[in-house]
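FYI, side chains are in, hydrogens and waters are out, and symmetry mates aren't considered; it's all heavy atoms of this structure. In this text the structure is predicted, and so the values were computed from the model without any measurement.
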Amino acid sequence: FSKLAALTAAVALGASSVAFAKVSEDEAARLGQDLTPFGAETAGNADGTIPAWTGSVLGVPEGITYEGDGTANKSPYADEKPLFSITADNAGDYAERLSGGQKAMFKKYSKTFRIDVYPSHRDFALDPLILERTKWNATHTVMSNGGEAISNWTGSTAFPIPKDGMEIMWNARTGAITQQTQHGKSDVVGVFANGDIQLETQRLTTRFPFNNPNTKVGTTEKEIGTQLFNTLSQKLAPANVKGEMTLVVDPIDYTVGNRLVYSYVPGTRRVRQAPSVSFDTPTGPGGIVTTDDTDGYNGAFYKFDFKLLGKREMYLPFHNNSITQVPLDDLLTPNHVNPDHIRYELIRVWEVESTLKSGERHIYGKRVYYIAEDNWAITAVDNYDGRGELFRTSLFPSYYHYALNAYYRSTQMFHDLNTGQYNASRLTNNHAGPTKVVDTAKKDKFYTPSNLRRMGRR
């Protein structure tokens, strides 16, 4: 029972609404010692099924051919075979290491859903600049405005030694975003219970201002500004939506600045600003994904109370290089993605529960987040309705990106347990290469309504 596990158990018993701030220099000195430079436990687990972190590989592993950003990140573990498989028949034997959503998938899709468990790996180091920013944040960054914002933040993980659920949610929002700009074509697919598929192709350009590699560590929102990210999307297919464009500008603090959304529709040749967008507005083919479901959660914090439940060992998707490198016809099976192409590992995760505050409105009454300690990414989410019934569950595979020198979240999978439908997004399988993640940043004027208008009239 590790020191960090004991800490999470103690926090889980306390009030979750308390806002903690920066840690002392002495506590921050744990980074790179009993904690990894990114804030995970360095040690493995007691029985060795989770290894100790080594950080022995930075960039391309030995023996892997890599042609650079925008080309396939081949798996360093491609020759490994599953240690064992979990099915509906034996899921009860592994219940302590499964999410509520996974258990529900086994129950609903007992003949087809499967979890293939591979050896766990903790070999990769992160880019030194990411770690330098993280270390600076540990002794400087604080939550502000009741947890709705962070201040004195210089990019990367805001709270590498977190004390409560809110700080961990901020880590999920900031720590998993490590690239300045990502750009490329991808598909969003709705797969219905009868096997029918609705596919949209889009080109996305997203900028994260705080991750400019040329910005000196210690530079904060006072100089960089208060925008968390900007996204411009262009629909390329099918024909009935081709040419539609959307610009989204997200602030750090949603109580001070609204999420701004502008759209261009070729038929009108006009740019319109959308009214205030509700965070549970349906989006994507089939409409089972809310606007704040992206990356597990990208909405305002004020609607929910967040409680840290502790830390767990769970079987979740990790090191999933191949999921974007197989034909879509093979990947997109009815009810869920083909289990043959998802690699699960036993990993440690932070478990955070959010409940809808009295007086607030949202389609979800409760959510449970599972956040991987080694990359601070939300790796799974269970979503409950207002009656407390689990009805949607999501998985977010990731892999180590060789151009980025960090983990990258790729395919997102959202499952509706009532309808049997699922939605998969960020699929680059049908395109020349994966999204470029270190592309040259666009200027500020690229992310403006006037540029949206110019692009539409070309």
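With salt bridges taken as basic N to acidic carboxylate O contacts below 4.0 Å, one links R114 and D116. A salt bridge is absent between R348 and E313: the closest approach of a Lys/Arg side-chain nitrogen to an acidic carboxylate oxygen does not fall below 4.0 angstrom. Under the 4.0 Å criterion applied to side-chain N and carboxylate O atoms, D374 and R122 are assigned as salt-bridge partners. A salt bridge is defined here as a Lys NZ or Arg NE, NH1 or NH2 lying under 4.0 Å from an Asp or Glu carboxylate O, and R312 with E351 meets this definition. A salt bridge links E80 to R343: at least one charged side-chain nitrogen sits closer than 4.0 Å to a carboxylate oxygen.
Between the Y66 side chain and the D69 main chain, a donor and an acceptor come within less than 3.5 Å of each other. Judged by distance alone, with hydrogens and angles left aside, the side-chain atoms of N429 form a donor-acceptor pair with the main-chain N or O of I323 at under 3.5 Å. A donor-acceptor pair under 3.5 Å is absent between the side-chain atoms of T205 and the main chain of R203, judged by distance alone.
Checked against salt bridge (Lys or Arg N to Asp or Glu O under 4.0 Å), R367 has the following partners two or more places apart in sequence or in another chain: D292, D293. Taking the side-chain contact (heavy atoms from CB on, under 4.5 Å) definition, one finds that Q227 meets it with R207, N230, V249, sequence neighbours left out.
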With side chain to side chain contact (heavy atoms under 4.5 Å, CB included) as the test, would you mind laying out the steps for I115 and T87 before giving the verdict? CA-CA 7 Å; I115 290 177; T87 66; over 6 Å; no
Could you walk me through whether H401 and Y407 satisfy the ring pair (Phe, Tyr, Trp, His ring centres under 6.0 Å) test, starting with their C-alpha distance in whole Å, then the side-chain angles of each, then the deciding distance to 0.1 Å, before giving a yes or no? CA-CA 6 Å; H401 198 290; Y407 282 91; over 10 Å; no
Dump the intermediate steps for side-chain hydrogen bond (donor to acceptor under 3.5 Å, both in side chains) on N171 and T157, then the final yes or no. CA-CA 5 Å; N171 286 351; T157 306; 5.5 Å; no
For D187 and H431, run side-chain hydrogen bond (donor to acceptor under 3.5 Å, both in side chains): C-alpha distance rounded to whole Å, both residues' side-chain angles, the deciding distance at 0.1 Å, then the answer. CA-CA 9 Å; D187 295 321; H431 306 290; 3.2 Å; yes
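Checking T112 against H336 by side-chain atom types alone, a donor-acceptor pair falls below 3.5 Å. For the residue pair S156 and T134, a side-chain donor N or O sits within less than 3.5 Å of a side-chain acceptor on the partner.
Between V117 and P82, every side-chain heavy-atom pair lies at or beyond the 4.5 Å cut-off. Residues D295 and I378 are not in side-chain contact: their nearest non-hydrogen atoms beyond the backbone lie 4.5 Å or more apart. Between V191 and D196, the closest side-chain pair of non-hydrogen atoms is not below 4.5 Å. Under the 4.5 Å side-chain criterion, counting only non-hydrogen atoms from C-beta, N383 is not in contact with T393.
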Which pairs of donor and acceptor atoms, one on a side chain in residues 232-243, lie under 3.5 Å apart (sequence neighbours left out)?
none

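Just one residue in the list Y400, F318, Y399, Y408 forms a ring pair (Phe, Tyr, Trp, His ring centres under 6.0 Å) with F124, and that residue is Y400. With Y364 as reference, F391 is the one residue of F279, Y297, F391 to meet the ring pair (Phe, Tyr, Trp, His ring centres under 6.0 Å) rule.
Within 6.0 Å of the NZ atom in K107, the count of heavy atoms belonging to other residues, nucleotides or ligands does not exceed 12.
You'll find the ring centres of Y315 and Y344 outside the 6.0 Å limit.
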